[in-house]
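Below is one structure, written out as structure tokens, with a few remarks after it.
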Number of protein chains: 2
Amino acid sequence: MGITIKDVAKAANVSPSTVSRVVKDSPRISQETKKRVRQAMRELGYHPNAMAQSLTSKNTGNIGIMLPRPNDEEFNHPFFPEALRGISAVLRIHDRDILLSPAGNEVEERRALQRMVLSGKVDGVVLLSSRISDELITWLYSINFPFVVIGNPRPLGLERVCWVDNDNIEIGRMITQYLIDKGYEDIGIITGDLRFIVNIDRLEGYKQAMEAAGKSTNRAYMAEADVWEDGGYNAMLRILRNGKPSAVVTVDDLFAIGAIRACRDRGYSIPYDIGVIGVNNIGVDQYLMPPLTSVEIYAYELGKSAAELLLKRIEIGPEYNDCVIIHGRLVERVSC
Amino acid sequence: MGITIKDVAKAANVSPSTVSRVVKDSPRISQETKKRVRQAMRELGYHPNAMAQSLTSKNTGNIGIMLPRPNDEEFNHPFFPEALRGISAVLRIHDRDILLSPAGNEVEERRALQRMVLSGKVDGVVLLSSRISDELITWLYSINFPFVVIGNPRPLGLERVCWVDNDNIEIGRMITQYLIDKGYEDIGIITGDLRFIVNIDRLEGYKQAMEAAGKSTNRAYMAEADVWEDGGYNAMLRILRNGKPSAVVTVDDLFAIGAIRACRDRGYSIPYDIGVIGVNNIGVDQYLMPPLTSVEIYAYELGKSAAELLLKRIEIGPEYNDCVIIHGRLVERVSC
DNA sequence: AATTGTAAGCGCTTACAATT
DNA sequence: AATTGTAAGCGCTTACAATT
């Protein structure tokens with residue numbers, strides 16, 4: 001700390017602007033000068049001051065990420081580190097850093113985002129949370145700030161947002177169809193919070209597949225889970241109070257894990273008495289008893305594509321917008 | 001974007017310095033002036049430019065976090081989101097943001113840290129990775145930059161580093177002792193990579209407990225696992241090739257999950273043929289078959305304490321240093 | 001003594017001018 | 001035409017001066 005462009009300039013016997021140009025490797029500077037300046041930089045241990053650079057150049061090199069709120073249970077889902085990995089992979093190449101603004105609740109979240117954006121700490125934002133409220137999206141949209149959402153902003157009817165998502169209706173259909181093809185008769189479903197589009201869509205896919213197979217959906221075999229394993233456990237218990245489905249579609253592996261436990265606690269064995277299928281293909285799936293059939297949703301790719309779209313959006317400007325849909329792949333194991 | 005302190009000054013009919021003081025709620029400004037200036041700020045939609053503030057005030061409001069490298073398998077361990085939650089919880093209160101520098105490998109990691117620090121993008125750093133090489137620690141130490149490590153820097157012999165950790169020798173002792181008390185005879189162990197202090201320590205605890213009980217440790221029943229479930233699976237298989245221990249200590253639940261599967265694949269049932277115990281008390285533990293006995297290590301608290309120490313270190317200066325040791329708590333379930 | 005303003009400076013970038 | 005320098009400016013902070 002302390003060595004500035006001026007010190008280097010003096011040492012290399014050039015003007016500060018020349019040093020600045022050498023730092024950015026400008027073609028306007030001759031090779032000999034560059035050599036001399038770089039030499040001086042090395043000798044003095046010069047490092048550009050990022051804040052000064054940002055102030056003058058108007059870009060920060062930072063991308064803001066809105067994770068689910070750390071207070072929410074969502075935060076602990078393996079999806080997020082995986083998506084974050086994907087984002088990191090591309091930001092790394094472009095020499096950008098990630099800025100996280102810790103927020104405990106919805107109000108803080110909105111304020112955190114506004115501060116990040118309005119105080120100029122980031123060049124763009126990725127909204128990595130299905131619960132992300134329309135509010136954040138519409139606001140960013142309205143001020144024309146670069147952002148991309150991981151999830152489907154379809155209900156907002158905004159034409160030019162960048163987004164990346166799985167085809168969750170398709171995934172709902174896929175897992176339901178798989179059970180149907182296996183010959184299961186009465187197929188129930190455990191969804192997550194139905195204020196999330198991802199859950200609405202997977203449920204919709206389930207309904208479509210059931211209908212296409214000429215099966216009626218039975219409300220007694222449908223339950224909305226709240227939080228992960230416990231939520232899945234309780235939801236399954238509620239279903240079992242109404243009767244015994246032959247199989248159960250679950251919109252998330254963590255729900256499936258809870259549901260399986262509930263079945264077992266009621267004396268049912270998986271997959272013989274009840275088949276169970278999940279979504280996400282999380283790490284433990286193949287080590288569960290029985291190994292859980294699931295859908296790989298490619299969270300890493302989701303993150304990667306999101307970062308790529310955002311970078312393009314930043315570079316090209318508001319006239320750019322695009323979306324990427326990533327298809328799931330069923331991973332067959334033995335739980336159904 | 002666009003509204004500066006000067007615009008507000010003009011609108012409120014004061015000087016820029018007055019506006020600046022109002023922003024920081026300086027006691028040197030009268031209530032009436034504050035009111036008037038704030039009014040103007042609201043009307044114009046003023047937001048302070050964070051970069052300019054940082055440039056002049058010499059602090060950024062950002063804390064850098066070195067997560068394990070996203071390319072490493074470690075990155076996907078539930079420990080990290082949990083520790084991150086704890087860090088977030090305290091940074092939120094102090095209105096600080098988190099800066100992550102994506103790094104794919106060791107070299108990039110070092111460069112990322114150096115850039116973060118030397119370019120002045122952060123006021124302090126938390127090293128959240130047991131593999132974090134001494135190099136990073138000793139460097140930060142040598143330049144007197146505020147940092148805290150989650151993990152035990154003991155081998156470096158640096159006197160004044162801030163750190164936070166479990167007592168991993170104690171944890172190793174605790175889980176081994178638990179098996180001994182349960183009457184298990186031949187107790188093996190699956191450790192992780194022994195270049196990590198956490199693993200060395202837990203192994204040490206195991207040895208201490210065995211010795212104290214007058215049991216000899218059997219190299220045939222000791223294995224080093226590489227990556228998580230698969231690593232635990234393979235390690236257990238290697239042990240079973242040498243014979244059948246009556247129980248196995250595992251330094252991580254993910255290893256335990258793999259190990260249990262390996263036992264089952266060889267026809268052994270848990271806990272009747274082989275007892276298994278893990279460490280970390282991850283979310284799925286109680287939903288496993290059988291539910292896994294483990295040790296709660298309070299990753300959230302670890303993160304929280306780390307952030308608190310770091311903030312103090314930043315505020316007070318290099319003469320401050322402290323460490324926090326968080327004790328594990330055994331969570332009894334049915335796997336042993 | 002309490003309140004406000006002046007002006008320099010933080011460390012860069014970049015339009016424009018100057019030099020060869 | 002190729003290379004370098006001058007100087008203003010980015011949006012703040014803060015020591016010091018000035019005013020009441």
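Not measured: the values here are computed from a predicted model.
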Is the phosphate of [N], meaning OP1 or OP2, less than 4.0 Å from a side-chain N or O of [X]?
X: Thr33(A); N: dT3(D); answer: no
X: Thr4(A); N: dG11(C); answer: no
X: Ser57(A); N: dT14(C); answer: no
X: Thr56(B); N: dC10(C); answer: no
X: Gln53(B); N: dG11(D); answer: no
X: Lys24(A); N: dT13(C); answer: yes
X: Ser30(A); N: dT4(D); answer: yes
X: Thr18(B); N: dT4(C); answer: no

Does the side chain of Ile65(A) come within less than 4.5 Å of Ser101(A)'s, by heavy atoms?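 Not in contact.
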
So, do Asn71(B) and Glu108(B) sit near enough that their side-chain heavy atoms are less than 4.5 Å apart?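 Answer no - side chains too far apart.
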
Can you name the side chain to side chain donor-acceptor pair (under 3.5 Å) partners of Gln114(A), sequence neighbours left out? none

Check whether the side chains of Thr18(B) and Ser15(B) place a donor and an acceptor atom closer than 3.5 Å, and report yes or no. yes

Both Ser17(B) and Pro27(A) contact DNA chain D. Taking the nearest nucleotide for each, which residue is further toward the 5' end?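 Comparing both residues, the 5'-ward one is Pro27(A).
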
Using atom [atom1] of [X] as one end and atom [atom2] of [N] as the other, report the distance to the nearest whole Å.
X: Arg36(B); N: dT3(C); atom1: CZ; atom2: C1'; value: 12 Å
X: Met51(A); N: dG11(C); atom1: CE; atom2: C1'; value: 12 Å
X: Asn49(B); N: dT13(D); atom1: CG; atom2: C1'; value: 13 Å
X: Lys58(A); N: dC12(D); atom1: NZ; atom2: C1'; value: 11 Å
X: Met41(A); N: dG11(C); atom1: CE; atom2: P; value: 17 Å
X: Lys34(B); N: dA2(C); atom1: NZ; atom2: C1'; value: 13 Å
X: His47(B); N: dC12(D); atom1: NE2; atom2: P; value: 12 Å
X: Ile5(A); N: dA7(D); atom1: CD1; atom2: C1'; value: 15 Å

Pairs flagged by salt bridge (charged side-chain N to carboxylate O under 4.0 Å, His left out) wherever residues 148-159 of chain B is involved - sequence neighbours left out: Arg154(B)-Asp201(B)

For Val149(A), run the side chain to side chain contact (heavy atoms under 4.5 Å, CB included) check against Ile137(A), Val126(A), Leu310(A) and tell me which one passes.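 Considering Ile137(A), Val126(A), Leu310(A), a side chain to side chain contact (heavy atoms under 4.5 Å, CB included) with Val149(A) is found only for Ile137(A).
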
I need the minimum non-hydrogen distance between Phe147(A) and Cys162(A), along with the two atoms involved. O-CB, 3.8 Å

Taking all heavy atoms of Arg96(A) and all of Pro102(B), pick out the closest pair and write down the distance. O-CD, 3.3 Å

Quick one: on DNA chain C, does Ala52(B) or Ser15(B) contact a more 5' nucleotide (nearest heavy atom)?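 Result: Ser15(B).
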
Output a table of nitrogen or oxygen pairs between the protein and nucleotides 16-20 of chain D separated by less than 3.5 Å.
from	atom 1	to	atom 2	distance (Å)
dC16(D)	N4	Arg28(B)	NH2	3.3

NA contact type, Val14(A), heavy-atom cut-off 4.0 Å: base, sugar-phosphate, or nothing? sugar-phosphate

Hey, does Lys6(A) reach any base, or is it just sugar-phosphate, or nothing, if we go heavy atoms under 4.0 Å?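 No contact.
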
With sequence neighbours left out, write down each residue that passes ring-ring contact (aromatic ring centres under 6.0 Å, His included) with His47(B), or none if nothing qualifies. none

Every stem of 3 or more Watson-Crick or G-U pairs under 3.5 Å that DNA chain D joins, in order of first number, is C:1-20 with D:1-20

May I have the list of side-chain donor-acceptor pairs in residues 317-326 of chain A shorter than 3.5 Å, sequence neighbours left out?
none

